[in-house]
*Asks:* 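I have a structure here, written as structure tokens, and I will follow up with some questions on it.
We count ligands from 1, going down the list as the structure has it; atoms in each ligand are counted the same way.
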Amino acid sequence: MIVFEKPKALTDAPLHYCPGCTHGIIHRLVAEAIDELGIQGRTIGVASVGCSVFTYNYFNVDMVQAAHGRAPAVATGLKRSDANNIVFTYQGDGDLAAIGTAETVHSAARGENITVIFVNNAIYGMTGGQMAPTSLPGQITQTSPYGRDVNTVGYPVKVCEMLSQLDGALILKELP
Ligand SMILES: Cc1ncc(C[n+]2csc(CCOP(=O)(O)OP(=O)(O)O)c2C)c(N)n1
């Protein structure tokens with residue numbers, strides 16, 4: 001009897017992530033959900049820019065690479081072109097909450113029927129651990145060696161709380 005195996009929605013490609021990184025675990029959780037829902041054949045993932053830029057090698061579904069921060073805009077097009085598509089993005093906090101803030105907020109405001117996997121590690125990982133909009137007050141990063149000083153750089157952006165205020169994000173639409 002098989003009690004543990006790799007999800008079908010993951011390829012056999014070896015992961016490139018650093019030891020201790022949680023992207024691999026999160027990939028697995030997403031892949032398990034795709035398997036359980038039986039949607040592998042109609043799922044399209046949108047890879048973003050950041051440590052997880054190579055997700056298109058790891059998910060065993062159709063994948064599209066978006067420019068930095070633009071994954072929700074690409075996902076919008078993929079979903080609207082065929083409502084049968086199940087479309088998800090996979091984005092870090094630098095991608096989603098900094099350069100891609102507009103795409104994040106406006107796709108939610110429009111109530112797009114897409115799934116956004118938000119991997120918030122509170123830094124820019126790929127470029128060396130700089131402060132992100134989500135870095136916590138006092139958090140030490142490469143660009144805040146004495147801790148994030150809210151008096152000079154402001155407070156963290158609370159993305160989920162912010163999006164929860166948008167009517168478009170809250171209206172439940174009928175799924176295809
Ligand atoms: C247009 C553009 N601006 C800046 C960069 C540099 N850059 C690459 S990844 C990244 C941030 C990645 O951070 P995050 O989205 O939090 O993902 P992580 O690497 O932490 O998983 C930045 C600023 C880029 N590649 N393209």
*Asks:* Return yes if some donor-acceptor pair links the side-chain N/O of Gln139 with the main-chain N/O of Ala122 below 3.5 Å, else return no.
*Replies:*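 Side chain of Gln139 to backbone of Ala122: a pair is present.
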*Asks:* Asp95 to ligand 1: N or O pair under 3.5 Å?
*Replies:* yes
*Asks:* N/O to N/O below 3.5 Å, does that happen between Ser52 and ligand 1?
*Replies:*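 No, there is no polar N/O contact under 3.5 Å.
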*Asks:* Enumerate the atoms of ligand 1 whose separation from the nearest heavy atom of Gly50 is less than 4.0 angstrom.
*Replies:*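 Contacts of ligand 1 toward Gly50, numbered from 1: 9 (S), 12 (C), 17 (O), 19 (O).
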*Asks:* How many angstroms lie between OG1 in Thr55 and OH in Tyr90, if you round to the nearest 0.5 Å?
*Replies:* 7.5 Å
*Asks:* Just by distance, do the side chain of His106 and the backbone of Ala73 share a donor-acceptor pair under 3.5 Å?
*Replies:* no
*Asks:* Can you tell me the protein heavy atom closest to atom 14 (P) of ligand 1 and the distance?
*Replies:* Gly94 N, 3.4 Å
*Asks:* Out of Cys51, Ala67, Gly92, whose heavy atom sits nearest atom 19 (O) of ligand 1?
*Replies:*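 Shortest heavy-atom distance from atom 19 (O) of ligand 1: Cys51.
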*Asks:* For atom 13 (O) of ligand 1, what is the closest protein heavy atom, and at what distance to 0.1 Å?
*Replies:*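 Looking at atom 13 (O) of ligand 1, the protein heavy atom closest to it is Tyr124 CA, 3.5 Å.
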*Asks:* Evaluating non-hydrogen atoms only, which member of His23, Arg70, His68 is closest to atom 23 (C) of ligand 1?
*Replies:* His68
*Asks:* Give the atom numbers and elements of ligand 1 that come within less than 4.0 Å of a heavy atom of Met126.
*Replies:* 8 (C), 9 (S), 19 (O)
*Asks:* Could you tell me the residue and atom name of the protein heavy atom closest to atom 25 (N) of ligand 1, and the distance to it rounded to 0.1 Å?
*Replies:*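 It is Val49 CG1, 3.7 Å.
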*Asks:* May I ask you to check whether Gly125 has an N/O atom sitting below 3.5 Å from an N/O atom of ligand 1?
*Replies:* yes
*Asks:* Have a look at Thr127, Asn121, Ile99 and point out the one with the heavy atom closest to atom 1 (C) of ligand 1.
*Replies:*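 Nearest option to atom 1 (C) of ligand 1, by heavy atoms: Ile99.
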*Asks:* What class does the angle between the rings of Tyr56 and Phe54 fall in, given that below 30° is parallel, 30 to 60° is tilted and above 60° is perpendicular?
*Replies:*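 Rings of Tyr56 and Phe54: perpendicular, as their planes differ by over 60°.
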*Asks:* Tell me whether Gln130 reaches ligand 1 (any heavy atom closer than 4.0 angstrom to a ligand atom).
*Replies:* no
*Asks:* I want to know if ligand 1 touches Ile123 in the polar sense, i.e. an N/O pair below 3.5 angstrom.
*Replies:* yes
*Asks:* Rounded to the nearest 0.5 Å, how far apart are CG of Leu78 and CZ of Phe88?
*Replies:* 11.5 Å
*Asks:* Quick check: does any side chain N or O of Gln40 sit under 3.5 Å from a backbone N or O of Lys8, one acting as donor and the other as acceptor?
*Replies:*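 Confirmed, Gln40 side chain pairs with Lys8 backbone.
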*Asks:* Strictly by modelled atom types, are Ser144 and Thr141 linked by a side-chain donor-acceptor pair under 3.5 Å?
*Replies:* yes
*Asks:* Can a salt bridge be assigned to the pair Asp82 and Arg42 using a cut-off of 4.0 Å between side-chain N and carboxylate O?
*Replies:*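 The answer is no: the pair does not qualify as a salt bridge.
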*Asks:* In terms of heavy-atom contacts, does NZ of Lys158 have more than 12 from other residues, nucleotides or ligands at under 6.0 Å?
*Replies:*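 Counting neighbours around NZ of Lys158, 12 or fewer heavy atoms of other residues, nucleotides or ligands fall under 6.0 Å, so no.
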